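In this text, all values refer to a predicted model and were calculated from it rather than measured experimentally.
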Amino acid sequence: MAETNNTRDLLATLRDALRELELTLPLARESVDEIASQAARLRASVEALGEFQPRADTTVEIDMFIDAATAFLEAFRELESGIRDVQTAVATLEAELADGENGRET
């Protein structure tokens, strides 16, 4: 019985965290879009600079920064798109718990 209560508590914590994340993601979307915009501007500027002079060590550092921004954007998109899958997985876990409890009661 204690294990069932612990499982319920953990599932409730998961569901609450997902709910909070779902509420936070739209707020973060504006900032993420701005990061994407500025990363594109940086990339265009570095490419234009490369046409005027040979690549310098500093442009390599900028390229690394742009790559990091791009990876961040991709991770954010995965987070946004994956939240529904995780919510479904938590709902499935809750249903399995309920089924298990119903099976023990009969």
Side-chain angles (χ1 to χ4, degrees):
M1 186 67 163
E3 182 179 313
T4 301
N5 288 335
N6 287 340
T7 302
R8 273 195 206 127
D9 290 345
L10 290 171
L11 286 171
T13 300
L14 280 171
R15 186 165 291 289
D16 184 56
L18 285 169
R19 194 174 307 117
E20 290 296 320
L21 185 58
E22 187 175 30
L23 293 172
T24 303
L25 284 174
L27 300 173
R29 166 53 57 202
E30 186 175 319
S31 296
V32 169
D33 289 344
E34 183 62 24
I35 290 169
S37 173
Q38 297 308 321
R41 286 183 65 203
L42 280 168
R43 177 169 280 126
S45 296
V46 168
E47 289 171 1
L49 185 62
E51 292 177 14
F52 296 116
Q53 67 182 30
R55 293 184 61 93
D57 289 340
T58 53
T59 59
V60 171
E61 290 174 7
I62 295 169
D63 281 341
M64 290 172 55
F65 178 80
I66 293 168
D67 290 345
T70 301
F72 170 74
L73 296 170
E74 290 171 7
F76 184 83
R77 288 183 191 115
E78 287 179 29
L79 183 65
E80 255 184 337
S81 68
I83 195 164
R84 298 285 180 231
D85 294 338
V86 174
Q87 288 170 330
T88 300
V90 170
T92 300
L93 287 171
E94 288 176 327
E96 289 172 359
L97 177 64
D99 288 346
E101 288 175 353
N102 291 337
R104 278 181 266 172
E105 291 175 6
T106 57

Determine whether L79 and L21 satisfy the following criterion, side-chain contact (heavy atoms from CB on, under 4.5 Å), listing intermediate values before the conclusion. CA-CA 10 Å; L79 183 65; L21 185 58; 4.0 Å; yes
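Side-chain contact check for L14 versus V86: every heavy-atom pair is 4.5 Å or farther apart. Between I62 and I66, some side-chain heavy-atom pair lies under the 4.5 Å cut-off.
T92 contributes atom OG1, which lies 10.5 Å from atom CG of D99 (distance to the nearest 0.5 angstrom). A distance of 4.5 Å separates CD of E34 from CD of Q38, quoted to the nearest 0.5 Å. The distance from atom CZ of R41 to atom CZ of R43, rounded to the nearest 0.5 Å, is 14.5 Å.
Summarising the geometry of R8 relative to L97, their closest heavy-atom pair is CG-CD2, 3.5 Å, with the distance given to 0.1 Å. Contact detail for I35 and A69: the closest heavy-atom pair is CG2-CB, 4.3 Å.
Residue pairs meeting the side-chain hydrogen bond (donor to acceptor under 3.5 Å, both in side chains) criterion with at least one partner in residues 66-83, sequence neighbours excluded, are R29-E80. Listed by first and then second residue, the side-chain hydrogen bond (donor to acceptor under 3.5 Å, both in side chains) pairs involving residues 10-19 are R15-E94 (not counting sequence neighbours).
At a threshold of 4.5 Å between side-chain heavy atoms, the hydrophobic network of Ile, Leu, Val, Met, Phe, Trp and Tyr places L25 and F72 in one connected group.
Evaluation of the salt bridge (Lys or Arg N to Asp or Glu O under 4.0 Å) rule for E96 yields no partner, not counting sequence neighbours.
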